Amino acid sequence: MSLSSSNILGFPTSSALSNVVAASTWRVLLSADASGQQQKKGWCCGGVGGGGGGGGRSRRTRTRGVRGFNKKLGWEHGSCGRAGWRVMVVEERVVRRVMKEESSVSPGLVHFVGIGGAGLSALAFLALEQGWQVSGSDIAWNEQLEELREAGARVYEGHEAKQMVQNGAPLPDAVVVSSAVVAGNEEVDVARALGVPVYKRGAWLGKMTEGYKLLAVAGSHGKSTTVAMLAVALCSLGEDITVILGAQVPQFPKGRNAMVGKGHLFLLEADEYDGCFLGVSPSLAVVTNVEWEHVDMFPDYEAVRDMFRKFVMRIKPGGLLLVNGDSAGSSSLGEVFQPKETHIACPDAKNVHVETFGLGQANNWHAVDLVPNAEGGTDYIVVHAGIPMAQVSLCLPGTYNVLNSLAVIVAISMLAVEKQPASNYDQRLTIMRMAASAASKALGSFTGARRRFELIGKVQGCYIIDDYAHHPTEVCAVLQGARQRFRQQPIWVIFQPHTFSRLEKLLPDFALAFHAADRVIVTEVYTARNSIFDWNVSGEDLASAIVGPPAMFIPTLEGVVELLALELGAIDQNIVNTQGDIILLTLGAGDITNLGPQLMELLSRGPS
């Protein structure tokens with residue numbers, strides 16, 4: 001997105017800053033051993049090992065079997081990978097690009113392990129836009145891998161060490177690993193053995209955001225939507241920003257989950273999983289809420305709160321912290337910067353300014369007069385210190401989106417007054433009111449993010465809406481939004497629990513979360529990081545426990561599609577539909593997102 005000659009916040013632009021230095025690295029050449037596999041062609045450069053094309057001068061190579069190599073480098077015996085691959089290592093001089101003090105990491109070669117996930121795919125798109133050569137792998141092919149391939153990345157289904165190097169290319173300058181990748185991954189093991197820097201996502205984000213003014217949005221729920229809203233608003237106000245988040249945004253270029261700008265602002269969805277957000281140091285941080293969400297990572301709520309406390313202590317001196325004052329977990333984070341804890345928590349704590357937002361009048365900023373509008377969203381008024389600041393009209397339903405948008409308005413208002421220092425309170429108030437009004441106007445054009453109350457389509461008298469909700473709080477919030485928009489229509493929920501650990505720990509809360517629905521179908525658990533054999537809980541247990549609407553258990557998505565196709569195909573005879581079109585919500589963080597398109601395709605064919 002282009003940056004206008006002047007913008008409401010007045011941030012400077014930054015040029016692409018990089019230089020090139022010579023450094024020593026390693027090239028890995030993979031070939032089959034004597035176990036009977038055919039030697040792979042094209043892995044050797046000219047003059048190396050006799051397997052490549054002519055023209056290159058000979059180099060002395062050192063060839064060692066995988067097992068002996070492992071022992072010397074301290075690996076576990078045979079952990080390098082499958083089929084007895086041998087590793088030939090050639091030391092050579094290569095040109096490696098490094099960063100200047102004021103820049104982020106400069107272009108080079110980067111390999112992502114787990115590239116198809118929401119977090120790493122965004123980083124991969126960002127790297128491509130910044131000029132990096134990108135490769136990566138994931139355990140299964142998905143839409144993100146296909147889009148990355150079309151964008152110029154070299155991507156693979158499955159993990160093998162040979163995928164880091166192709167046709168004699170040098171090793172990557174860096175390997176970035178998803179938190180979902182388990183120990184023993186052969187790509188990661190080989191990279192470490194050969195001296196390639198290996199970064200977890202948080203550490204890589206720290207490098208990528210150096211030299212920018214970082215705005216980070218954290219929280220157990222609402223991060224993606226808040227980041228998307230803030231990005232769209234900032235762009236509409238003339239900022240040329242760089243953005244990374246965990247959801248695709250139709251209003252972004254090519255509808256991706258990353259956007260690269262030339263300005264000084266970097267907007268980031270900061271994830272608490274695996275302590276990822278501890279790798280960055282924001283100038284402004286927003287915390288939407290704090291709850292026990294990743295139960296496989298944190299033993300209890302207190303562990304989650306402690307992790308968020310560590311995050312806010314990474315805010316730069318003189319920075320801003322915006323917290324949802326209606327959430328006990330997030331509002332307590334402001335205590336970190338109170339004088340009584342300054343000597344314990346953060347030496348520069350007194351220099352971090354804290355603002356609260358929410359629906360409660362005790363907050364510095366709060367929303368009042370919430371009214372459903374003709375677009376199916378919500379109108380409300382923003383109040384600061386008892387003074388109306390802006391009127392907002394959202395297209396999206398739900399109180400949770402009021403809070404998300406309110407956080408955006410507060411952030412933009414505070415950024416504006418930061419860049420245009422006021423000589424007195426009235427002038428400060430005027431600057432904030434102008435910024436809040438401009439931000440609220442921009443938010444009126446925000447259409448949403450993928451998998452966040454996303455309308456998939458309408459077929460056979462049924463609206464299909466897909467949402468990422470996979471936590472009891474998120475399920476309640478989405479159903480409240482659905483009931484706001486569709487007051488009379490019957491709401492059917494197809495819910496796919498995400499991870500056995502979350503279902504087991506939060507089963508009582510899940511049981512009460514569907515009260516606003518008229519019917520619930522629960523599928524089997526999407527396994528993700530958990531093994532089915534480690535847990536004594538299933539989707540059937542949730543279906544039996546749900547309080548309120550009738551619920552049933554159908555283990556497979558295919559079974560759900562077949563049942564719904566049968567029922568909706570006979571919609572004229574369906575007495576449940578007397579109050580209007582059925583609203584079908586597909587909820588969950590797994591492959592439940594495929595159900596809507598499959599159902600639409602089946603029903604659009606008509607009777608067979």
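Small disclaimer: the values here were computed from a predicted structure and weren't measured. Computation of the quantities below employed the complete heavy-atom set of this structure, encompassing side-chain atoms and omitting hydrogens, waters and symmetry-equivalent molecules.
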> Does the side chain of Ser393 pick up a donor-acceptor pair with the side chain of Glu375 at under 3.5 Å?
Replying inline: no

> For Tyr380 and Ser405, what are the C-alpha separation, side-chain angles and deciding distance, and is it a side chain to side chain donor-acceptor pair (under 3.5 Å)?
Replying inline: CA-CA 11 Å; Tyr380 69 94; Ser405 62; 2.7 Å; yes

> With a 4.5 Å limit on heavy-atom distance, are the side chains of Asn324 and Thr356 in contact?
Replying inline: no

>> Tell me the closest heavy-atom pair linking Phe311 and Val287, and the distance in Å.
In response: CE2-CG2, 4.4 Å

>> Could you check whether Glu146 pairs with Arg149 (Lys NZ or Arg NE/NH1/NH2 to Asp/Glu carboxylate O, under 4.0 Å)?
In response: yes

> Can Glu129 and Arg256 be counted as an ion pair, charged N to O under 4.0 angstrom?
Replying inline: yes

> Quick one: does Ser220's side chain have a donor or acceptor within less than 3.5 Å of a partner on Glu291's backbone?
Replying inline: yes

>> Checking Asn404 against Thr226: is there a side-chain donor and acceptor pair closer than 3.5 Å?
In response: yes

>> Tell me whether Arg502 is salt-bridged to Glu293, with the criterion being a basic N under 4.0 Å from an acidic carboxylate O.
In response: yes

> So, Ser330 and Asn289: side-chain donor and acceptor under 3.5 Å apart, yes or no?
Replying inline: no

>> Using 30° and 60° as the class boundaries, would you call the ring planes of His470 and His498 parallel, tilted or perpendicular?
In response: perpendicular

>> Taking Arg451 first and then Glu454, would you say they form a salt bridge - that is, a charged N and a carboxylate O separated by under 4.0 Å?
In response: no

>> Surrounding CD of Gln484 (heavy atoms of other residues, nucleotides or ligands, distance under 6.0 Å), is the total greater than 12?
In response: yes

> Will you find, in the side chains of Asp379 and Asn373, an N or O donor that is under 3.5 Å from an N or O acceptor?
Replying inline: yes

>> For Glu150, is there an ion pair with Lys254 - N to carboxylate O distance below 4.0 angstrom?
In response: no

> Can you find a pair of side-chain heavy atoms, one from Val290 and one from Tyr301, that are under 4.5 Å apart?
Replying inline: yes

> If we ignore angles and hydrogens, is there a donor and acceptor under 3.5 Å between the side chains of Tyr273 and Asp296?
Replying inline: yes

> Does Ile244 offer a backbone N or O that forms a donor-acceptor pair with the side chain of Glu269 under 3.5 Å?
Replying inline: no

>> Measuring only between side-chain heavy atoms, which start at C-beta, is Met313 closer than 4.5 Å to Val336?
In response: yes

>> Quick one, Lys310 and Phe277 - any side-chain contact, counting heavy atoms below 4.5 Å?
In response: no

> Counting heavy atoms not belonging to Gln361, are there more than 12 under 6.0 Å from its CD?
Replying inline: no

>> For Lys213, is there an ion pair with Glu418 - N to carboxylate O distance below 4.0 angstrom?
In response: yes

> Is any side-chain heavy atom of Phe252 less than 4.5 Å from a side-chain heavy atom of Val243?
Replying inline: yes

> Taking Asp240 for the side chain and Gly261 for the main chain, is one N or O donor matched with an acceptor at less than 3.5 Å?
Replying inline: no

> Is Glu474 reaching over with its side chain to a backbone N or O of His471, donor-acceptor style, under 3.5 angstrom?
Replying inline: yes

> Are Arg201 and Asp271 close enough for a salt bridge, meaning some N to O gap below 4.0 Å?
Replying inline: yes

>> I'd like to know if the side chain of Asn401 reaches the main chain of Leu396, judged simply by a donor and an acceptor atom lying under 3.5 Å from each other, with no hydrogens or angles considered.
In response: no

> Think Arg452 forms a cation-pi with Tyr468, using NZ or CZ under 6.0 Å from the six-ring centre and within 45 degrees of its axis?
Replying inline: yes

> Looking only at side chains, do Gln248 and Gln144 share a donor and an acceptor under 3.5 Å apart?
Replying inline: yes

> Got Val175 and Val113 here, is their nearest side-chain heavy-atom distance under 4.5 Å?
Replying inline: yes

>> Once rounded to the nearest 0.5 Å, what's the spacing between atom NE2 of His221 and atom OG1 of Thr288?
In response: 8.0 Å

> Just wondering, are more than 12 heavy atoms of other shown residues or ligands nearer than 6.0 Å to CZ in Phe510?
Replying inline: yes

>> Checking side chain to side chain contact (heavy atoms under 4.5 Å, CB included) between Thr209 and each of Leu267, Thr242, Leu214, which is the one that passes?
In response: Leu214

>> Quick check on the 6.0 Å ring-centre criterion: do Trp204 and Tyr199 meet it?
In response: yes

>> Please give me the minimum heavy-atom distance between Met307 and Glu272, naming the atom from each residue.
In response: CG-O, 4.3 Å

>> As an exercise, state the distance from CZ of Phe112 to CG of Asp138, rounded to the nearest 0.5 Å.
In response: 12.5 Å

